[in-house]
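What follows is a short report on a single structure.
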Amino acid sequence: MRRSALLLLLVLPLPALAQEATHPLDELTAAEHWALYETLRAYEGVEEDAEFLYAGLNEPSKADVLAWRPGQPFGRQARVHLVQSNTGYEAVVDVANRTVLEFREVTDRQYMRGPMDRRALADLKEHPDMVAAFEARGITDLSKVQCSVGSDAYFDTEEERGRRVGRVRCTNQVGRVSGLGIPIENLVAIVDQKSGDVLRVIDGGPIHGAVPSIGEHHPEAVGPTRKPLPPIILSQPGGPGYELDGHQVSWEGWRFHFRVDQRRGLVLSQVGHQVGDEFRSVLYQASLSELFVPYQDPSEPWNHQAYFDLGTYPSSFGGVASAMVPGLDCPAHATFFDTWVIQPNGSPRERQRVACLYERPGAEPAWRHTRDGGVVESRASRDLVLRMIMGAGNYDYLFDWVFMQSGVIRVNLAATGIDQMKSVEARSAAEDSGDPDDRYGRFVAPHLVAVNHSHVFNFRLDFDVDGQDNSLVVDRLVTERQGDDNPRRSVWRVETEVAQREKDAQRTSSLNAPEQWRVVNPSRVGPTGYPSGYMIEGHGIMTLLSPDDYLQQRAGFTEHTLWATPMNPRELFAAGDYPTNSAAGQGLPQWTKANRNIENTDIVLWYTTGFHHVARPEDWPILPLELHGFNLVPVAFFDRNPAIDLPR
């Protein structure tokens, strides 16, 4: 490209590069990853064939971070999850001094998924029962059969107890270009992922009919594309409106730090407003905690299709944050950020463009009013967006943290990608008879039913509204009957109560008993007499699994839309540290049994949201982006509308 053309491209994306950590909460650098590698490889407790599944910052204490000032030194530690001899371990390493501070066994069964789980696949296709099943389906070219094993649902059955049991499903890759292949339905191998043994093979017989490869979306499959629209060009010839100092961001009074974690994705810290010389905190930290996707077909192997994506698959995904394409996934004028992840051999690998930061014009005005005489006062709005996209197998998830001039933080979460599908005898719903093939899903293509499922997200929100001593306030909207002397028979009003202990904070969204949830600082009262606070505003998701379902008990955090706990730096994941093959009741249900005090103290809120997915034909071959989310809204945090002073 000619130099003159380069000068004209005002929207060329540039990566934000950091050579060394400049903040105590910065992610691990490449040099720190290599120090971690060399330290652990030299440590006597680490075996030669150990597999490393996660590495991330072992955060300094909250007190140390809050006391730190730019220019002051700080320590750097990494927390690592590794597997050796069929046992999971955790290590804490001082990467600056290259010393192992902790090394302990944490689980013999619940460790994250890694390469060692594929040992059962080595000779699987040659197993006599599998060979017979392939032959019965007319499949003779086994080189085009692709099998994968998952440690998904666990029900504490006799077969599973004490083992790391997986279920193997296969697809025929003949004809596959960009999709998932043709499912080899009614065939599943139950394997012991530790020993590699095949425990049994379930073969329900072949499906008849021409089943297409799932989700093909290459140009030949899509066909002619529509005429492109005229371009919309956004540029910032004066540069962006935000300021960057490493991973610290300042924009329109907002200030925050972020990093990208291999398991948690975007981790935002020290979020708040700079008001003159005062920094007013809102959140100490916020991040995704877990993503749970249970499928809703009771037949084998679908009854075991249930994924804890953050707790099981970070290593398989190469880190939950995937690379984004400038101009498509993020605007070309965005600032992009790279990161490093640990590979199974312990060495680091660069992941490029895993986060982006950009400004965008608001789709709606910040505020507007029409005065007498038709005079209109309106103000344009602008947002600041921090984005990550998670590649999770067949699904892609988009996560936006949107900072608004109104003091609101909008958290967007969206799903796209390819639905999981089962092949069936009937070609379509019109030809379906008897026991319907679409009883647990919907037809989206010939002989293919997309199985019903749910996407359940849990966010960990460590609120520090104007400091650490916060309380959860529950505002219940209740109907008040009026007396016979009033022509109005009823109104609604707000009844307010403060959650004192963890059980009081277990709240569930309900349309017929609406509530609003605020985190307040009782010691900071504004001119209207109300305490400074922030409210969670959004729709939750109700689990539809029965309480005695072992899967529901393993995902116990889905029982309530909202939980609150006293801040504990080791309580990071709603389903527990290691939900793969986990026993029931771990994570939030276990922690909150103590029913600890949460009034006027340092508290963490856990918010569960998402959607139940009943597929549509329009989901084929790729699901259009389905958007959901929630807001964090100031309530008596400001004295007036924070956007009232926007210029005309």
Side-chain angles (χ1 to χ4, degrees), residues 254 256 264-268 271 282-283 285-293 310 362-364 381 383-388 390 397-416 454-463 465 470-477 492 494 496 499 505-520 533-544 555 557-565 574-575 588 603-613 625-637 642:
W254 283 107
F256 62 92
R264 299 162 71 188
L266 286 172
V267 180
L268 284 74
V271 181
V282 176
L283 293 154
Q285 195 167 93
S287 71
L288 185 65
S289 166
E290 190 54 84
L291 169 53
F292 176 56
V293 186
L310 269 63
E364 300 85 20
S381 64
D383 301 331
L384 179 69
V385 182
L386 178 63
R387 173 170 294 171
M388 178 196 85
M390 173 181 174
Y397 296 98
L398 178 146
F399 298 95
D400 282 348
W401 293 83
V402 184
F403 293 84
M404 301 182 177
Q405 294 163 313
S406 61
V408 172
I409 302 173
R410 170 70 181 174
V411 182
N412 284 330
L413 46 105
T416 180
S454 305
H455 302 262
V456 187
F457 306 82
N458 183 271
F459 287 83
R460 181 182 185 270
L461 306 169
D462 181 357
F463 277 95
V465 177
N470 288 179
S471 296
L472 172 64
V473 172
V474 178
D475 293 325
R476 295 187 297 112
L477 280 59
W492 64 261
V494 177
T496 297
Q506 295 173 2
R507 320 300 302 187
T508 303
S509 294
S510 173
L511 292 176
N512 57 9
E515 295 181 348
Q516 294 182 343
W517 305 316
R518 289 180 286 143
V519 176
V520 303
Y534 257 77
M535 173 176 68
I536 297 181
E537 178 184 75
H539 73 81
I541 181 172
M542 290 187 63
T543 179
L544 298 176
F557 71 90
T558 64
E559 184 179 351
H560 302 290
T561 310
L562 188 76
W563 306 67
T565 60
L588 279 167
I603 60 174
V604 174
L605 266 60
W606 307 76
Y607 184 67
T608 303
T609 186
F611 62 99
H612 300 298
H613 190 173
L625 191 77
E626 181 156 344
L627 183 65
H628 297 263
F630 62 95
N631 296 329
L632 304 179
V633 181
V635 179
F637 189 91

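These numbers were taken from a predicted model, which means no experiment stands behind them.
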Check your understanding: Is F256 close to L283 at the side-chain level, that is, under 4.5 Å between some pair of heavy atoms?
Key -> no
Point to revise | Flag side-chain contact, heavy atom, 4.5 Å: F463 against L472 | key: no
Review point. Quick check: does any side chain N or O of T561 sit under 3.5 Å from a backbone N or O of S509, one acting as donor and the other as acceptor?
Key: yes
Practice item. Could you grab the distance from atom CG of L627 to atom CG of D400, nearest 0.5 Å is fine? Key: 8.0 Å
Review point. Can you check whether R460's main-chain N or O pairs, donor with acceptor, with S289's side chain at less than 3.5 Å?
Key: no
Exercise for review: Find the distance between CZ (R410) and CD (E537) and round it off to the nearest 0.5 Å.
Suggested key: 8.5 Å
Point to revise | Plane angle bin for W563 and H560 - parallel if under 30°, tilted between 30 and 60°, otherwise perpendicular | key: perpendicular
Point to revise | Centroid separation Y607 to F630 less than 6.0 Å | key: yes
Review point. Side chains of S287 and L266: closer than 4.5 Å at any heavy-atom pair?
Key: no
**Study point:** Polar side-chain atom of N470 near backbone of V465 as donor-acceptor pair, under 3.5 Å
**Key:** yes
Review point. Are the side chain of H612 and the backbone of M542 linked by a donor-acceptor contact shorter than 3.5 Å?
Key: yes
Review point. Relative to each other, are the rings of H455 and H613 parallel, tilted or perpendicular (30° and 60° limits)?
Key: tilted
Exercise for review: Could you pull out the closest heavy-atom pair between D383 and M404, with the gap in Å?
Suggested key: OD1-CG, 3.7 Å
Check your understanding: Is the shortest heavy-atom distance from the side chain of L632 to the side chain of L461 under 4.5 Å?
Key -> yes
Point to revise | Any donor-acceptor N/O pair, S381 side chain to E364 backbone, under 3.5 Å | key: yes
Point to revise | Any side-chain heavy-atom pair of W606 and V604 under 4.5 Å | key: yes
Practice item. Taking the side chain as every heavy atom from C-beta outward, state whether L398 and T416 have any atom pair closer than 4.5 Å. Key: no
Review point. Using 30° and 60° as the class limits, which term best fits the ring planes of W401 and F459: parallel, tilted or perpendicular?
Key: perpendicular
